[in-house]
There are 2 protein chains.
Amino acid sequence: MEGNESSPEAPNDAALVKDRSRDRAATERRILDAAQSILTEQGSAGFGVNAVARAAGVDKQLIYRYFGGLDGLLVALGERLAEWWQNKLLADAPATPQQSYGDLMEILALRLVQIMRSEPLAQQCALWELTDASSPVAAITAARARALGAWMARARGDLRPPKGVDAPAINALIVSGISYFVLAGRTSSSVIGLETRDEATWARIESAVRALVKGVYHAP
Amino acid sequence: MEGNESSPEAPNDAALVKDRSRDRAATERRILDAAQSILTEQGSAGFGVNAVARAAGVDKQLIYRYFGGLDGLLVALGERLAEWWQNKLLADAPATPQQSYGDLMEILALRLVQIMRSEPLAQQCALWELTDASSPVAAITAARARALGAWMARARGDLRPPKGVDAPAINALIVSGISYFVLAGRTSSSVIGLETRDEATWARIESAVRALVKGVYHAP
DNA sequence: TCCCCTTATCACCGTGTGGTGACATGCATA
DNA sequence: TATGCATGTCACCACACGGTGATAAGGGGA
């Protein structure tokens with residue numbers, strides 16, 4: 001899987017390669033990389049000290065020394081993921097300011113569909129929010145929520161939803177709907193009667209998102 | 001937790017109580033009960049041969065003998081859960097036929113909110129759909145999907161959605177949104193900025209569901 | 001009565017896990 | 001050069017898991 005070692009030394013003699021790099025910062029980075037990679041590829045199940053250490057090519061003792069165990073590693077990973085979300089969301093600027101709140105929400109919702117579909121890490125974060133309530137994980141989901149909120153707030157500018165419309169609740173439901181549908185599509189090929197493998201289904205979903213947003217925000 | 005034993009024998013002498021009841025059907029029922037109970041209370045994590053056997057007060061060997069291992073147990077549990085969904089959904093008759101497709105979907109959606117909120121087992125089934133792709137679990141989620149579809153179909157009668165509206169996709173998104181929000185509320189007290197512990201939030205969610213349904217189905 | 005089949009229990013194996021203590025080794029400083 | 005500390009490595013523990021083979025105990029039919 002990993003294949004290339006960090007340095008091209010020839011360990012033919014075996015048992016002679018030790019103290020790999022003696023660079024704590026680099027080692028911590030390797031551990032975090034491995035943790036993120038495992039989370040991305042295998043999800044929260046299979047996430048453990050042994051697995052991370054193995055993937056990082058590092059003794060698990062270092063995880064305890066440098067992060068204070070799994071919980072500490074999760075906290076550190078949380079900060080890293082918060083940053084990741086920032087880059088994913090804020091960087092993706094809404095650019096052209098929209099005409100109305102409804103137009104904007106339509107664009108953001110469709111953008112969210114794209115992100116959720118294309119980013120396994122985003123999917124895993126959403127899943128974690130549902131499955132795990134432990135505080136380190138909670139910190140991660142909180143970071144995600146903050147990034148998401150900042151993204152929407154920044155895009156919104158001074159646009160305001162129509163009077164009498166509970167935008168936060170409605171947006172929460174729309175975001176939830178997109179998240180669930182994407183997540184369900186990962187495992188089952190058929191979700192509530194729709195074929196998630198079929199690209200046409202996703203076109204229908206995008207249209208449905210548009211219809212929902214238009215329906216609530218472009219009310220007569 | 002369970003408290004009452006199946007028979008009120010007094011095991012004061014210990015090590016003398018053996019061959020508890022010698023009733024295969026009852027034992028199988030106890031195992032299935034325990035499996036369902038564990039699933040309900042602890043979720044798919046912690047679901048294993050040892051845990052089920054322990055909860056059932058039965059040797060795990062019997063799980064292998066009677067169900068052929070965990071997979072077989074899951075299959076049997078799937079049939080039981082399918083039946084459970086039938087009772088939950090079909091029994092809850094929509095009773096009074098509705099005026100329009102939109103009215104009906106509004107009622108069904110709100111009903112789904114109630115069911116999802118009040119039934120831990122329903123929550124776990126939805127979660128399983130997201131986390132596990134193994135075939136026995138897939139069978140369970142398929143059973144759920146079938147029950148849900150039958151429920152909607154039966155309630156629908158001969159009502160039809162307005163022309164030009166992709167009802168399946170829209171309904172899938174709404175069901176997804178409700179599911180995700182309820183699931184997220186189980187673990188985090190704050191979901192996308194809404195306080196799930198606060199009953200007022202749920203009133204807002206119900207209003208939002210109504211607004212969404214009305215928006216798409218009661219188009220001008 | 002004896003026998004056999006079903007039901008239930010126990011003891012055990014290999015493996016993986018989270019977690020810890022003791023040891024080796026390199027680098028910088030005194 | 002010699003000491004101390006940070007970094008990396010190894011061996012080990014207790015435990016829980018999934019899974020299996022052998023063995024006891026009741027019950028019904030001959």
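Order of the sequence lines sets the chain letters (A, B, ...), proteins ahead of strands, with each chain counted from 1. Note that this is a predicted model, so its numbers are computed, not measured.
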Q. Which pairs, with at least one residue in residues 170-179 of chain A and sequence neighbours excluded, count as a side-chain hydrogen bond (donor to acceptor under 3.5 Å, both in side chains)?
A.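 Residue pairs passing side-chain hydrogen bond (donor to acceptor under 3.5 Å, both in side chains), neighbours aside: A:Tyr101-A:Asn171, A:Asn171-A:Tyr217.
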Give the rounded distance in Å between these two atoms: [atom1] of [X] and [atom2] of [N].
X: B:Asp23; N: C:dA8; atom1: CG; atom2: P; value: 7 Å
X: B:Phe67; N: D:dG19; atom1: CZ; atom2: P; value: 15 Å
X: A:Leu62; N: D:dC10; atom1: CG; atom2: C1'; value: 12 Å

Q. ring-ring contact (aromatic ring centres under 6.0 Å, His included): which pairs involve residues 31-70 of chain A, sequence neighbours left out?
A.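 Output for this query lists A:Phe47-A:Trp128.
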Q) Under 6.0 Å from the CD atom of B:Gln114, do we count more than 12 heavy atoms belonging to anything else shown? A) yes
Q. Is a donor-acceptor contact shorter than 3.5 angstrom present between the side chain of A:Arg22 and the base of C:dG26?
A.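 Yes, the side chain and the base share a sub-3.5 Å donor-acceptor pair.
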Q | Polar pair under 3.5 Å, donor/acceptor by atom type, side chain B:Arg65, base C:dA8 | A |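 Yes, a donor-acceptor pair under 3.5 Å.
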Q) Less than 4.5 Å apart, any side-chain heavy atom of A:Thr187 and any of B:Asp132? A) no
Q.
Within the 4.5 Å heavy-atom criterion, are A:Val209 and A:Leu112 side-chain neighbours or not?
A. no
Distances under 3.5 Å between nitrogen or oxygen atoms of protein and nucleotides 15-21 of chain C:
residue: C:dT17; atom: OP2; partner: A:Arg54; partner atom: NH2; Å: 2.8
residue: C:dG18; atom: OP2; partner: A:Val49; partner atom: N; Å: 3.3
residue: C:dG18; atom: OP2; partner: A:Asn50; partner atom: N; Å: 3.1
residue: C:dG18; atom: OP2; partner: A:Asn50; partner atom: ND2; Å: 2.6
residue: C:dG18; atom: N7; partner: A:Lys60; partner atom: NZ; Å: 3.3
residue: C:dG19; atom: OP2; partner: A:Tyr64; partner atom: OH; Å: 3.1
residue: C:dG19; atom: O5'; partner: A:Tyr64; partner atom: OH; Å: 3.4
residue: C:dG19; atom: N7; partner: A:Lys60; partner atom: NZ; Å: 3.0
residue: C:dG19; atom: O6; partner: A:Lys60; partner atom: NZ; Å: 2.5
residue: C:dG21; atom: O6; partner: A:Gln61; partner atom: OE1; Å: 3.1

**Q.** Residue-phosphate contact under 4.0 Å: A:Arg24 side-chain N/O, D:dT7 OP1/OP2
**A.** yes
Q) Counting only side-chain N and O atoms of A:Thr27, is one of them less than 4.0 Å from OP1 or OP2 of D:dG8? A) yes
Q. Is any side-chain N of the basic residue among A:Glu83 and A:Arg144 closer than 4.0 Å to the acidic one's carboxylate O?
A.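 No, A:Glu83 and A:Arg144 are not salt-bridged.
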